[in-house]
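Every chain is numbered from 1 and lettered A, B, ... according to where its sequence line falls, protein lines coming before strand lines.
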Amino acid sequence: MRFAPAPSGYLHVGSARSALFNWLFAKNSGGVFILRIEDTNAELAAPEYYDAITEPLKWLGLEWDEGPYFQSERRDLYLDAIDMLLQSGKAYFCNCSREQIDQRNKETRFQGGYDGYCRDRNLEETPTASVRFRTPDEGLIQVIDLIRGEVTFDNAELEDFVIRRANGTPVFLVANAVDDADMNITHVIRGEDLLNTTPKVLLLWESLDYGVPPIYAHLPLLVGDDRKKLSKRRHSVALGDFKDEGILPEAMVNYLALLGWGPTDEKEIRPIEEIATLFSLESVNKAPAFFDIKKLNHINSHYIAAMSTEVFADEASRYINKIGWKPPHFDMSTLEALTPFLQQRATRVSDVVPLLDWVFEDDLPQETDEKEINKMVKAMGAELVPDILEEAIGRLQDCQWDAETLSKEIREVGDELNTKSQVPVRIAVTGRRTGLPLFEPMAYLSRELVLRRLQTARSNLR
RNA sequence: GCCCCGUUCGUCUAGCGGCCUAGGACGCCACCCUCUCAAGGUGGUAGCACGGGUUCAAAUCCCGUACGGGGUACCA
């Protein structure tokens, strides 16, 4: 089987899902997974796009067994095939412009695409002539599809499509047929958006006498919240972006496998190798699937929580470095000590920053969310808050400086005033209403810094 | 318009004629735990698009309708 993406900038989650299903099927059936870059269109053949495809695949752990092959390097093969079709009369030259075709169709109210104007004009080859394939006038063509069954198309509905552009380059339909035959492709797994192009490839396949065609599997499309096919223009779907925000590859791949397919035993979160053993194309769904970030997040937080503390601490510090966050009090051993608390709370690796900023920064974070500010004001505004803060300041002046003592002292502040004391202290010290457990991280701050924050909060109350 | 493909809780899915008064997961809500938030636990919310058949029996098979998606390029 092969995964054959067109290089058009970065890899997006839809393509990644196609790659994944190819990979799963290959693993499950012991097949060979071939990577082939469909760059028949010169504009897409820029070499820098290569990494944009392979890097995300490697990140996801979807290694290919063979390739990558570049169609731009195999052009002669396709051109030869086109010459054969020309010689056998199954293709012909055409010099119609799009405008001319549209014009004629408008006049004759013809709605089938190309009207076959040059079919029997026996045009000679010229530098500006394109080549069209002569589709049969009658008969049916059948696509064998493991997901959808046998899909039948009426040949008469198929227009004489272009197989070689006026600039002399072959289109992907030819490259598809030639390569799939040449590479002994047995299974083609791709998005449903390509289903309609399949009969054209099959017709070429027949005309080229390639024998038994591959078996197809057209995956249901991934859609966004508008229920439209995921697209780079409308949705944010770059795999690289998810990586940058701290989505783990294991989580991404696990989630993607759950779109259009599900295990029968109801255990959703499991390693991809295990999924491969359960996977089958026949049990893939037919209806489009909504790419749900919330569920991705949930799966990701599960994988984060399951990581060892060492690995996560490393992951977190790499993230901090990458975004160039250099807080004055940063300390690796403190980060390591707080890691278990972080893992329990972070949905994405990027969440560690708002969780930790008050620990490592000198200044308190500025809360900007209005709702949150209101809630904080409310939490801080209770009658007893000034007393709580003052009592806390007094007690922290010269107590022991460890989490246990801090917890005890603040608790006693509450007991003394017959109220709860943690939230006001938390807001004063962390600048936030919610977050990590208060006292463990607090013990890593200097007494002086904590007192300063408490005092600032106290005076702001006036 | 024409062609192709679809339709199980808001979302992703299990189900492949009787085990279904439809199961799980995400989300949401409540409660428990807890002097924050999470995590965890418990419970709840909500669905077989509609109409005809076939059958002793249909979410499961067939037909139609509605709705949705994809394609309709000298992009892939």
Problem set entry | Distance, C1' atom - from B:U8 to B:G71, rounded to whole angstrom | 27 Å
Exercise. At under 4.0 Å between heavy atoms, what does A:Ser421 touch on the DNA or RNA strands: base, sugar-phosphate, or nothing?
Worked result: base
For this session: Compare the minimum distances between each of B:C4, B:A38, B:C12 and the side chain of A:Leu195, then state the nucleotide with the smallest one.
Result: B:C4
Seminar exercise, completed: When both distances are under 3.5 Å in a Watson-Crick or G-U wobble arrangement, the nucleotide paired with B:C67 is B:G6
Exercise. With respect to the side chain of A:Arg426, which nucleotide from B:U36, B:A73, B:A25 is positioned closest?
Worked result: B:U36
Problem set entry | Value in whole Å for how far the C1' atom of B:C74 lies from OH of A:Tyr92 | 13 Å
Exercise. If we take the P atom in both B:C26 and B:C62, what is their distance in whole Å?
Worked result: 34 Å
For this session: Among the candidates B:G6, B:U36, B:G24, find the nucleotide nearest to the side-chain atoms of A:Thr434.
Result: B:U36
Exercise. Aromatic ring centroids of A:Phe33 and A:Phe25 under 6.0 Å?
Worked result: no
For this session: Take atom CG of A:Asn196 and atom P of B:G69, then tell me their distance rounded to the nearest Å.
Result: 15 Å
Exercise. Can you tell me how far C1' in B:G15 sits from the matching atom in B:A25, rounded to whole Å?
Worked result: 15 Å
Problem set entry | Polar contact flag, side-chain donor to acceptor under 3.5 angstrom, A:Ser72-A:Asp39 | yes
For this session: Please measure how far the C1' atom in B:C4 lies from the corresponding atom in B:G43, and state the result in whole Å.
Result: 46 Å
Exercise. Considering only the C1' atoms, how many Å lie between B:A46 and B:G10, rounded to the nearest integer?
Worked result: 8 Å
Problem set entry | Nearest-nucleotide comparison on RNA chain B, the residue closer to the 5′ end among A:Asp265 and A:Glu159 | A:Asp265
For this session: Decide if the gap between the ring center of A:His12 and the ring center of A:Tyr10 is smaller than 6.0 angstrom.
Result: no
For this session: Can you establish whether the number of heavy atoms outside A:Asp265 located under 6.0 Å from its atom CG is more than 12?
Result: yes
For this session: Remember a base hit wins even if backbone is also touched, and classify A:Arg345 as base, sugar-phosphate or nothing at under 4.0 Å, heavy atoms.
Result: base
Exercise. Considering only the C1' atoms, how many Å lie between B:U60 and B:A14, rounded to the nearest integer?
Worked result: 13 Å
Exercise. Looking only at side-chain N and O atoms, does A:Asn285 come under 4.0 Å of OP1 or OP2 in B:U7?
Worked result: no
Exercise. A:Phe153 has a side chain; which of B:A14, B:G71, B:C3 sits nearest to it?
Worked result: B:C3
For this session: Ignoring the backbone of A:Thr264, work out which of B:G15, B:A76, B:C26 is nearest its side chain.
Result: B:G15
Exercise. What interatomic distance, in whole Å, is found between C1' of B:C35 and the corresponding atom of B:G47?
Worked result: 42 Å
Problem set entry | Opposite nucleotide pairing with B:U36, Watson-Crick or G-U, both atom distances under 3.5 Å | none
For this session: Specify the residue among A:Glu157 and A:Gly414 whose closest nucleotide of RNA chain B lies further upstream toward the 5′ end.
Result: A:Glu157
For this session: Please state whether the phosphate of B:G71, meaning OP1 or OP2, lies under 4.0 angstrom from any side-chain nitrogen or oxygen of A:Lys200.
Result: no
For this session: Please check the phosphate of B:U36 (OP1 and OP2 only) for any side-chain N or O of A:Arg433 closer than 4.0 Å.
Result: no
For this session: Give a yes/no verdict on a cation-pi contact between A:Lys200 and A:Phe133, requiring under 6.0 Å between NZ or CZ and the six-membered ring centre and an angle within 45° of the axis.
Result: no
Exercise. For B:U42, which nucleotide is its Watson-Crick or G-U wobble mate, given both distances must be under 3.5 Å?
Worked result: B:A30
For this session: Answer yes or no: does a side-chain N or O of A:Lys228 lie under 4.0 Å from OP1 or OP2 of B:G69?
Result: yes
Problem set entry | Distance-only side-chain donor-acceptor flag, A:Glu250 / A:Asn300, under 3.5 Å | no
Exercise. For the pair made of CZ in A:Arg148 and C1' in B:G69, what is the distance, rounded to whole Å?
Worked result: 10 Å
Problem set entry | Distance flag, aromatic centroids of A:Phe70 and A:Tyr50, threshold under 6.0 Å | yes
Exercise. A:Leu296 near the nucleic acid: base, sugar-phosphate alone, or nothing, with a heavy-atom cut-off under 4.0 Å?
Worked result: nothing
Exercise. Does B:C61 have a Watson-Crick or wobble partner in any strand here, with both distances under 3.5 angstrom, and which is it?
Worked result: B:G53
Problem set entry | P atoms of B:G69 and B:C12, separation to the nearest Å | 14 Å
Problem set entry | Candidate nucleotides B:C74, B:G71, B:U36, ranked by approach to the side chain of A:Ala166 - the nearest | B:C74
Exercise. Quick one: is A:Thr40 getting a side-chain N or O under 4.0 Å of the B:A76 phosphate, OP1 or OP2?
Worked result: yes
Exercise. Taking a pair as Watson-Crick or G-U wobble with both distances under 3.5 Å, which nucleotide is matched to B:G17?
Worked result: none
For this session: Using a heavy-atom cut-off of under 4.0 Å over every strand shown, decide if A:Ala287 touches base, sugar-phosphate, or nothing.
Result: sugar-phosphate
For this session: Once you apply the 3.5 Å cut-off to both distances, tell me the Watson-Crick or G-U wobble partner of B:A73, or none.
Result: none
Exercise. Does A:Arg190 make a cation-pi contact with A:Tyr216 (under 6.0 Å, within 45 degrees of the axis)?
Worked result: no
